[in-house]
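Quick caveat: nothing in here was measured; it's all calculated off a predicted structure.
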Amino acid sequence: MGAALIIDNKPGGNRWNGLDAVKRSTPDGYTFLLVDQVIMSLHPDLYKKMPFNTAKDFQAVAPMYSTNYFITVAADLKINNFSDLISEAKRRGSPLSYGLSGVGSQLHIGGVMVEAAAGMPIIQVANKDIPQMYVDVSQSRVDFAFATAVTAGPLVKGGKIKFIAFADPKRHPCFPDVPTVAESSGPADLKVST
């Protein structure tokens with residue numbers, strides 16, 4: 001591009017802060033937005049009023065990445081798959097809690113899908129950001145969260161948290177020992193991806 005690249009993270013507001021900043025910027029061809037498909041395609045159906053129109057205010061350039069999510073829990077728990085997670089909730093007779101990064105995020109939608117599969121209410125615990133959510137999981141302040149191999153893999157390898165199920169029809173090639181949700185008695189259609 002012949003210019004310095006400056007990354008300006010705009011966390012919070014369920015990623016709307018970043019979208020709003022780009023919408024307000026001068027359309028000079030040098031300002032880019034990296035955002036997941038959930039925001040662009042699902043949010044218009046989830047929210048009646050948004051400060052921007054995802055179809056009219058932005059121009060898609062190219063897909064950058066695709067990832068799927070694992071269900072993760074604290075490493076010291078005796079929960080090793082999706083079935084164990086649901087059994088634990090039923091055993092203790094109180095709702096599970098899960099971390100999420102924003103209402104309407106893929107993590108939120110994944111939690112709602114787990115709630116439907118479990119047939120019991122699950123408490124949503126919103127976090128300021130993904131790293132704090134992982135801290136909450138590792139210290140059992142929340143029972144579970146959805147995580148990617150890239151963002152949580154180092155914490156898994158470091159023994160802080162563990163992946164108990166992969167929310168995709170096929171196992172992840174980098175974590176082949178982690179069963180899919182369907183393989184551990186969960187719903188076959190529970191797929192959480194970006």
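- Using a 4.5 Å cut-off on side-chain heavy atoms (C-beta onward), Thr72 and Phe146 make no contact.
- At least one side-chain heavy atom of Val135 sits under 4.5 Å from a side-chain heavy atom of Arg141.
- The side chain to side chain contact (heavy atoms under 4.5 Å, CB included) check on Thr151 picks up Tyr134, Thr148, with sequence neighbours excluded.
- Considering CG of Asp57 and CD of Gln59, their distance stands at 11.5 Å, rounded to 0.5 Å.
- What you find for Ser138 and Lys160 is that their closest heavy atoms are CB-O, 3.6 Å.
- In this structure Asp177 satisfies the salt bridge (charged side-chain N to carboxylate O under 4.0 Å, His left out) test with no other residue, sequence neighbours excluded.
- By the 4.5 Å heavy-atom criterion applied to side chains, His172 and Asn68 are not counted as neighbours.
- Counting non-hydrogen atoms of neighbouring residues, nucleotides and ligands closer than 6.0 angstrom, the CZ atom of Arg171 exceeds 12 such neighbours.
- Lys157 places no side-chain N or O within donor-acceptor distance of the main-chain N or O of Ala152, the cut-off being under 3.5 Å.
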Side chain to side chain contact (heavy atoms under 4.5 Å, CB included) assessment of Met50 paired with Leu19: CA-CA 11 Å; Met50 294 172 55; Leu19 276 97; over 6 Å; no

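- Val181 and Ala167 make their closest contact through CG2-CA, 3.9 Å (heavy atoms, listed as atom of the first residue, atom of the second, distance).
- Under the rule for a side chain to side chain contact (heavy atoms under 4.5 Å, CB included), the partners of Val178 that lie at least two apart in sequence or sit in another chain are Phe70, Phe163, Phe175.
- The main-chain N or O of Phe82 is found under 3.5 Å from a side-chain atom of Ser184 such that the two form a donor-acceptor pair.
- Taking Asp84 as the reference, nothing meets the salt bridge (charged side-chain N to carboxylate O under 4.0 Å, His left out) condition, with sequence neighbours excluded.
- At distances below 3.5 Å, at least one donor-acceptor pair connects side-chain atoms of Asp143 with backbone N or O atoms of Ser97.
- Contact check for Asn9 versus Ile7: side-chain heavy atoms found under the 4.5 Å cut-off.
- Inter-residue side-chain proximity for Lys90 and Ile86 is flagged as met; some heavy-atom pair is nearer than 4.5 Å.
- The backbone N or O of Ile130 lies less than 3.5 Å from no partner atom in the side chain of Asn127, so there is not a single donor-acceptor pair.
- For the pair Leu85 and Ile71, the minimum side-chain heavy-atom distance is below 4.5 Å.
- Taking hydrophobic clusters as Ile, Leu, Val, Met, Phe, Trp and Tyr residues chained together by side-chain heavy-atom distances below 4.5 Å, Val156 shares a cluster with Val142.
- Nearest heavy atoms, Ala74 versus Val137: CB-O, 3.2 Å.
- Within the 4.5 Å cutoff, the side chain of Ile79 has no heavy atoms near those of the Phe144 side chain.
- The heavy-atom pair separating Phe58 from Val22 by the smallest distance is CE2-CG1, 4.0 Å.
- Judged purely by atom type and a 3.5 angstrom limit, Glu183 uses its side chain to pair as donor or acceptor with the backbone of Thr180.
- Hydrophobic clustering (ILVMFWY, side-chain heavy atoms < 4.5 Å, transitive): Leu77 and Leu96 are in one cluster.
- Applying the side chain to side chain donor-acceptor pair (under 3.5 Å) rule to pairs touching residues 109-124 yields His108-Gln124, sequence neighbours excluded.
- Here the closest non-hydrogen pair linking Gly99 and Ala145 is O-CB, 3.9 Å.
- Legend: residues meeting side chain to side chain contact (heavy atoms under 4.5 Å, CB included) with Asp28, ordered by chain and number and at least two apart, are Thr26, Tyr30, Thr31.
- Rounded to the nearest 0.5 Å, atoms CE (Met113) and CD1 (Ile122) are 12.0 Å apart.
- Pro95 places a side-chain heavy atom less than 4.5 Å from the side chain of Ile123.
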